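For reference, the structure discussed in these notes is given below.
This structure is a prediction, so every number in the text was calculated from the model and none was measured.
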Protein chains: 2
Amino acid sequence: MSATVNRQYILASRPKALPTPQEVPLVESPMPVPAEGEIVIHNRYISLDPAIRGWMSDVPNYIEPIPVGTKVWATGIGVVVESRSPDFAVGDIALGMNAWEDYTCCDAAVASKIEDTMGLPLTTFLSILGATGMTSYFGLLDVGKPQAGETLLVSGAAGAVGSVVGQIGKLMGCRVIGLAGGEDKCRQVVDEFGFDDVIDYKATTDLAVAIAQKCPDGVDIYWENVGGDMLDAVLLNLAHRARIVFCGWIATYNDTEQRPGPKNLWQLLAKSARFEGFVIKDYVEQFPEGIAAMGQWLAEGKIVYKEQVVEGLENTLDAFHMLFDGRNTGKLIVKISD
Amino acid sequence: MSATVNRQYILASRPKALPTPQEVPLVESPMPVPAEGEIVIHNRYISLDPAIRGWMSDVPNYIEPIPVGTKVWATGIGVVVESRSPDFAVGDIALGMNAWEDYTCCDAAVASKIEDTMGLPLTTFLSILGATGMTSYFGLLDVGKPQAGETLLVSGAAGAVGSVVGQIGKLMGCRVIGLAGGEDKCRQVVDEFGFDDVIDYKATTDLAVAIAQKCPDGVDIYWENVGGDMLDAVLLNLAHRARIVFCGWIATYNDTEQRPGPKNLWQLLAKSARFEGFVIKDYVEQFPEGIAAMGQWLAEGKIVYKEQVVEGLENTLDAFHMLFDGRNTGKLIVKISD
C-alpha cells in the first residue's frame, strides 16, 4: 500500500442543523494498521443516506449515536488492500458499514465479500441491491402488506427509496400516487418510475385537500419518509385499516429543537389504522431473498432505479446537503477511488 | 304505557370543555311513537363512556358526531314497552345504542334481544360482557397480541377497561404493570385486580424514569387510554417490536384547542414498534366468541370487575364528569328505572 494518510471526516461536534465543515471537518489521519482478524478496505463508493444525519445527533435511536471525535459512518464498498483474516484476500470486493474516508479498517466479521458482481456495477450493491433497495422491498411488503387494488401514497417519491417503493407497489397491483417537490421530480415520478399520479406538494395550498382529490377512497398504505405537516395532511385521508410504513422523517432531521408530533394522530383510532416503524437491520438475514427478488425484477426490466454519483471524498459533505435541499434525485453515492 | 313525557339530554351546543348543563340540558320531550318496524325501550341502565365526549365534538371520528339539537347517545339496556316489529314482544329485554333518556325509540334491527341473562344482573351486559369488556378482550388479544413473558403496561389501570386488560394480560402470562392516579386506585390495581405492580403517576416527578424502573426490559405492549405527556413518557421506554394498543385519549377529550401530538414518536422507528388504533364496532360480529371466553373466565373466578352505578337519569351529566375528574372507579352506569 503506497498511501500514507487516510483522509476522513470526523464528527468534531454534534451539528445543530445541516452539518457544517466546522462540525464535520475533513482531516488527515494515519493509515490504519489492521489487528488480527481485521481487514483494510480501500473504499470505492460510499452511500449517503438521510439516516446518517440522525446518527450524528445524541438522541435515542436504533443504534448508538456516532461518538464525538470519531469518523462518520456510511455503508461502503471497496477493495481489500490488507487482510489479517482468512476470510478475505487482498483484491477481494468487500461491503460493510464503512465510513466517510479513503480506507476503512474493520473486523472481517462485519464485512461481506461480494463473490460475484453478476456483471453489475459496484454501485448497485449500495443502491437497488443494497440497504436502499432492501428498505423499499421489506418495508413495503412486510410492514405495508399491500393488496391488489389498494391505494399506496409514497412520500419522497422521486427519491432512492420512494421511487422503488412505488414500483413494487405497482407490481403488487396497487394504485400508486407519489408526493414530490417541483415539476421535474413530479414528471420523473410518473414518466420514469411509472406511478399512476403525483402531487407536487410545493404547488398545493392545502395538501390535505390535494390528497383527498387524488385518493378519493382514502390512503390504504402511506410510505412515510418525510414527517412534519405532510404527515398531518395524510392522517386526515386514511382509509379504514390503513398502514403507515414509518421509514424516516427527513423533514425533521435538521431541526434545532424537537418539534411537536403530528396533531392528527387521533385518526389512527378513528380509522383502526396502524403506524409502524422499522429499521432495515431487522431484515439483514432475509437480504438474500430480497436481493433475489429484486434481481429478477431488474433482469425482467420491471424495476428501474436511478443513481447520482458525486466524485471525490472531499465533496462528501456538500453532497450530503443535497439530500435535504432538494438537489438530489436517485440514490446518492460518493465515488472515492477508481 | 302510562308515561306522557320522555326526559332526555339534548346536545344544545358543542361543549368547549367538560359539558355544562347549558350545553347538554335535560329536557322533557313527548313520548316517542314507534313507526312500523320500530320498538320503544324503557331504559333500565345506560353506559357512560369517555368516548361519548368525542361524539359530542365536531371532529373527524369513527362515527359521525352527534348532531346539535339531538339526543346524546349511549349504549343502554331496558324493557320493550311498545313493539311494531315481529322480532320483539312487549316485556323483552333489549340492548342497543340508546340515549341519555327514559324511553328510546329505535329500529328493531339495531337492537339485540337478550334471551337469557344467565342469572347475571342486566348491568353485566353494559360492563364485562358488553362493549367495555369486549374492548379489553379484542383490543388486547387481536391488536396487542400478548406473548407469555412480555411486559404489558396499562394506563387507566383502575378503570373499567384497563382493569380487565391487565387481568387478561395476566391470564396470557404477561408481567403486568398499571398506571393509575392516587393511592386508593393503585392499591386496588394490585390487590383487587392482581397486577404485578403499579405506578402512581400523580406521585412521580419523572414518569419516564419511573416506567424505566418498573419495566427494566422495556414495554412490549402499552394499553393507551390516556394520551398527552403519559404517552411521551411511555414512548421513551418501548422494547423492540413493541405494540401500542390505541384505545382512547381521555386526557385530551376536554381540550379547548387541538394539542400537538407526542414528541417522541420517532421511537416507533427506533424500536420497530407499532401504534395501532381500533374501534370496538369492528369486532361486533366476533362478540359471541368474546362473550363466551369472558363468561368462562367469570365462571371460573379468573376475572373480577367493578361497576359504579349512579341512580337517576337526572344525575347523568354529573356522573359523566366523574369519568374525567378521577371520581370514577369501575364501569360507570346510570340506573334509569327499576
Side-chain angles (χ1 to χ4, degrees), chain A residues 51 54-55 57 59-65 135 138-139 142-143 208 212 218 224-225 227-229 231-232 235-238 240-249 252-253 255 257-283, chain B residues 51 54-55 57 59-65 135 138-139 142-143 208 212 218 224-225 227-229 231-232 235-238 240-249 252-253 255 257-283:
Chain A
W55 308 341
S57 295
V59 294
N61 212 335
Y62 55 95
I63 52 172
E64 291 298 306
T135 293
F138 289 105
D142 194 60
V143 183
E224 167 61 325
N225 252 330
D229 295 339
L231 174 57
D232 263 321
L235 283 166
L236 293 175
N237 284 285
L238 298 181
H240 187 238
R241 295 213 189 269
R243 288 85 71 197
I244 298 177
V245 185
F246 185 12
C247 175
W249 268 353
T252 71
Y253 292 165
D255 284 358
E257 292 184 5
Q258 191 181 30
R259 67 170 82 186
K263 292 191 298 281
N264 299 322
L265 213 55
W266 176 261
Q267 295 307 310
L268 294 181
L269 188 147
K271 299 297 171 59
S272 302
R274 171 157 66 81
F275 192 141
E276 185 164 351
F278 78 103
V279 290
I280 193 59
K281 69 173 181 168
D282 291 340
Y283 293 95
Chain B
W55 308 341
S57 295
V59 292
N61 212 335
Y62 55 95
I63 52 172
E64 290 298 306
T135 294
F138 289 105
D142 194 60
V143 183
E224 167 62 325
N225 251 331
D229 295 338
L231 173 57
D232 263 321
L235 283 166
L236 294 176
N237 285 285
L238 297 181
H240 187 238
R241 295 212 188 271
R243 289 84 71 197
I244 298 176
V245 184
F246 185 10
C247 175
W249 267 353
T252 70
Y253 292 164
D255 284 357
E257 291 185 4
Q258 190 181 31
R259 68 170 83 186
K263 293 189 298 282
N264 299 322
L265 213 56
W266 176 260
Q267 294 307 310
L268 294 181
L269 188 148
K271 299 296 171 59
S272 301
R274 170 157 67 82
F275 191 141
E276 185 163 352
F278 77 104
V279 290
I280 193 59
K281 69 173 183 169
D282 291 342
Y283 293 94

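- Looking only at side-chain heavy atoms (C-beta outward), B/W266 and A/N61 come within less than 4.5 Å of each other.
- Contact count versus chain B (heavy atoms, under 4.5 Å) is highest, among A/G227, A/A273, A/P260, for A/A273.
- Chain B forms more heavy-atom pairs under 4.5 Å with one residue of A/I63, A/V143, A/V59, A/L268 than with any other, namely A/L268.
- In the model, B/Y62 has a side-chain atom that pairs as donor or acceptor with a side-chain atom of B/W55 under 3.5 Å.
- For chain B, no part of A/R243 is nearby; none of its heavy atoms comes within less than 4.5 Å.
- Taking B/T252, B/D232, B/L265 one by one and counting their heavy-atom pairs under 4.5 Å with chain A, the maximum is reached by B/L265.
- Of the possible polar contacts, none joining the B/R241 side chain to the B/R274 backbone as a donor-acceptor pair under 3.5 Å is found.
- If you measure heavy-atom distances from A/Q267 to chain B, the contacts under 4.5 Å come from the side chain alone.
- B/F246 has its side chain out of reach of B/F278: every pair of non-hydrogen atoms, C-beta onward, lies at least 4.5 Å apart.
- In this structure, A/I244 and A/L231 approach most closely via the heavy-atom pair CD1-CD1, 4.4 Å.
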